[in-house]
Amino acid sequence: MKFAFSPELEAFRQDVRRFVADTLSPATRAKVDEGRRLVKSDYVDWYRILHAKGWITPGWPVEHGGTDWSPLERYIFEEETALGGAPPVTGGINMIGPVLIAFGTPEQKAAYLPAMRRGDLWWAQGFSEPGAGSDLASLATRAVLDGDHYVVNGTKIWQTQAAYADMMFALVRTRFEGKPQEGITLLLLDMNSPGLSIQPIRTIDGGQELYQCFFDNVRVPVENRVGADGKGWTYAKYLLGFERHGIAGIGHAKRQMARIKRVAAAEHDRGTRLIDLPRWRDRIALLEIELMALECLSLRLIQESEAKGAGAGPGVEASILKIRGTELRQDMFELLTELTGPYGIPFDEEVMRDGWGNGAPVGPAHAATIASNYLDSRKISIYGGANEIQRNVLAKAILGV
Amino acid sequence: MDFILNEEQTLLRDMAARFAADARARQEKTPEAPDRRWSRFAELGLLGLTLSEAHGGLGGGGVETMIVAEEMGRQLLTDPFVPTVAVAGPLIAALGEATQQAQLLPALAAGDLVVVPAFLEPEARYDLAQVATTARAEGERVVISGRKAVVLNAPEADLLLVSARASGAHGDPEGLCLYLVPTRTPGVVLRAITTLDGRPAAELTLNAVTVEATARLGPAGAALPAMEQAVDRGVAALTGEAVGAMAALFDLTAEYLRTRKQFGAPIGKFQALQHKLVDMKVALELARSVAAAAAMAVDVADAEVRRRFIAAAKVQVARSGRFIGQAAIQLHGAMGMTDEYGAGRYLKRLVVIGALHGDLAHHLERFAASTEPAGPRH
């Protein structure tokens, strides 16, 4: 045990930090700083910068463009990019990417992986359905073989940014008898397929990032099946177990902590900064301590799994990081809304996209986006396996009952 | 930050775990006198853990102290490891003149000398500078008068490390001295008490206690920074001790959920109880992680970094300790309320640790005071 990181890791951290500071678009960073909404170009421009540097897919095998970083380096990379205000790497890169590498055909790998790395191919995720949320195996979207095509009917829901997507990876039911898990197949669908339509869902934060997707006799070539028919559940579990190093969201949490302090230093009560009033300062300090403890836990779990040679990062303990990481960030957003006081009440959807534009700001600039960000943050304990499901998983692992 | 124990630390942990488990088993069968128990610590070298090899020690630091303290907490031992090995020993090593060190430290390592700090006073809560006890020079001697509150393990101690004010106003950071006061000195009055978790302690009154001027440890009037650092070592060790107690209590509770049957099933089948147990696990792992960071931070030169990590660990441990202690009683149902079952012993240990060397409010204040609006990167 030793307090300091190795000089090599410290140098790596500085490299990443400098790279983000030097290359990330200031306009994108400003949006992230102010909690405004990103658009597709914010993501894709950043992916192209990462690709040029060779850092777009650190977790992939080296022969497919990975960096061969240690788990700790990957964790530091995720933390520093988030801390520096970069958009998260999403669009399927760390979800369907590893599945294709492990289970895809040579043709699928050639068709998709390079395009994903270049930022030219965005994936939507087709897992949840109106009747299949936490109980994902009960999914009912059906695919029936018709010659060399599957014919897909049904619906998928809660797809983030489906309008950006070129392709969708979807779990569909190809067999209807036996255990529910055994009849599931993983298909790759072109978003432009005839019969495929999407509909946005407005969420409580005023955003419109989620979609429902409908399949009306959508024809999918058999060569777009990943792996074997009926093995989709195995691939989905592989997908969900990948890239859990950064699951606590330490970089994001640190950004929010800095934001809390900025807001608490800008807001005053009877002439005193809120950050200097013990009633507020203690609450900030408690969250900061929780953040430190969680950061220590993240580092410890990564190092322990590395020492054990597990290689794939934290196992069931990742659920601890998911639970605490999401609940801590939610507590931070809750405090942010309280810090803004009365100017947390006005809401203008335009501000979320473009800032105040030409109109005069209402209230302090930092207050305009906080209520929406707070409402948006309620999703993080729901997606990726609701925290109650994470608790079930952990309890089973602890108790063996 | 590297959280993995090296080979020597792993050996130390295994040895300390065996030792502490044996000590508890022996104590429950036929209780031994405190000095007999203490000499067993010495036989394994645990009392010299933090001392240099020249003084019969092992040259360990915060991490080694934490490792042993954790095993003591797991077995609920009451011996003065934290006061003597984590606080007093390093303080003598830091401040003592060569003759004092040569006289005291080998004896401490050998188990022949139990030294405990007596810093806090009845009105001072946890502020080390609030010292009303006075030290007045009389020729070659010093006369000490005052009171010290809840001095842990004082009844077992040979020597008290007493803070006293030689100059300056009450609360002044300057003007404090440390004196080595044998407990048998005329004028030393110990009112022995037992703590909530079964440790010997005492309220201490010093009625014009006269010692030689050479009994002073360290420079005159400037003892506070070293006292603070020594207490930080104690806090880091206590957080380790708390982690041991929490871990044992968590295991005890999980086992109860596996075996206790109601409604025809182990109660661990019920989600309401499962989720509470998981929250205990989360609280335990957070506390364990930040306590380990604090143990590593003990030996860091930057006082600000040290303070932040140690204060954070004490706050987290206070919160996790209460939560785990209370949840464990709840999950055991009425059985948890019985004195015989033993879950309550862990809760009591955790409550006591929460109140030792600064409670949640005290360390939250220290942490918050070091917080800059912009937020230092750590």
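Chain letters run A, B, ... following the sequence lines, proteins first and then strands; every chain starts at 1.
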Side chain, backbone, both or neither: which part of Arg300(A) has an atom under 4.5 Å from a heavy atom of chain B?
both

Check this for me: does any side-chain nitrogen of one of Asp299(B) and Arg233(B) sit under 4.0 Å from a carboxylate oxygen of the other?
yes

Distance-only donor-acceptor pairs under 3.5 Å for side chains of residues 3-10 of chain A, two or more places apart:
| unit_1 | atom_1 | unit_2 | atom_2 | d |
| --- | --- | --- | --- | --- |
| Ser6(A) | OG | Glu8(A) | OE1 | 3.4 |
| Ser6(A) | OG | Leu9(A) | N | 3.1 |

Apply the ring-ring contact (aromatic ring centres under 6.0 Å, His included) test between Phe12(A) and each candidate in Trp69(A), Tyr75(A), Phe19(A); give the one that qualifies.
Trp69(A)

Using a strict 4.0 Å threshold on nitrogen-to-oxygen distance, state whether Arg273(A) and Glu267(A) make a salt bridge.
no

Under 4.5 Å to a heavy atom of chain B? For Leu72(A) that would be neither

Heavy-atom pair count under 4.5 Å with chain B, highest-scoring of Glu290(A), Glu304(A), Lys396(A), Arg391(A):
Arg391(A)

Heavy-atom count around Phe270(B) CZ within 6.0 Å, excluding the residue itself: above 12?
yes

For chain A, which candidate among Leu360(B), Val298(B), Val63(B), Leu257(B) shows the most heavy-atom pairs at distances under 4.5 Å?
Val63(B)

What pair of heavy atoms forms the shortest contact from His332(B) to Leu252(B), and how long is it?
NE2-O, 3.9 Å

What residue, out of Glu388(A), Arg281(A), Gln390(A), has the most heavy-atom pairs lying under 4.5 Å from chain B?
Arg281(A)

Does a side-chain N-to-carboxylate-O contact under 4.0 Å join Arg308(B) and Glu304(B)?
no

Do the charged groups of Glu70(B) and Arg74(B) touch, with an N to O distance under 4.0 Å?
yes

Test: Asp282(A) and Arg279(A) ion pair at under 4.0 Å:
no

Segment of Phe250(B) engaging chain A (4.5 angstrom heavy-atom cut-off)
side chain

Which atoms of Glu285(B) approach chain A - backbone, side chain, both or neither, heavy atom under 4.5 Å:
both

Top residue by heavy-atom pair count (under 4.5 Å) with chain B, among Ala395(A), Ala397(A), Ala264(A), Cys296(A)?
Cys296(A)

Need one label for Val282(B): side chain, backbone, both or neither, based on atoms under 4.5 Å from any heavy atom in chain A.
both

Option that, when pairs with chain A are counted at under 4.5 Å, heavy atom only, ranks first among His275(B), Arg258(B), Gln274(B), Lys269(B):
His275(B)

Contacting region of Ile398(A) [heavy-atom separation from chain B under 4.5 Å]:
both

Relative to chain A, which of Leu273(B), Asp279(B), Val305(B) shows the most heavy atom pairs under 4.5 Å?
Asp279(B)

What part of Met280(B) gets closer than 4.5 Å to chain A, counting heavy atoms only: side chain, backbone, both or neither?
neither

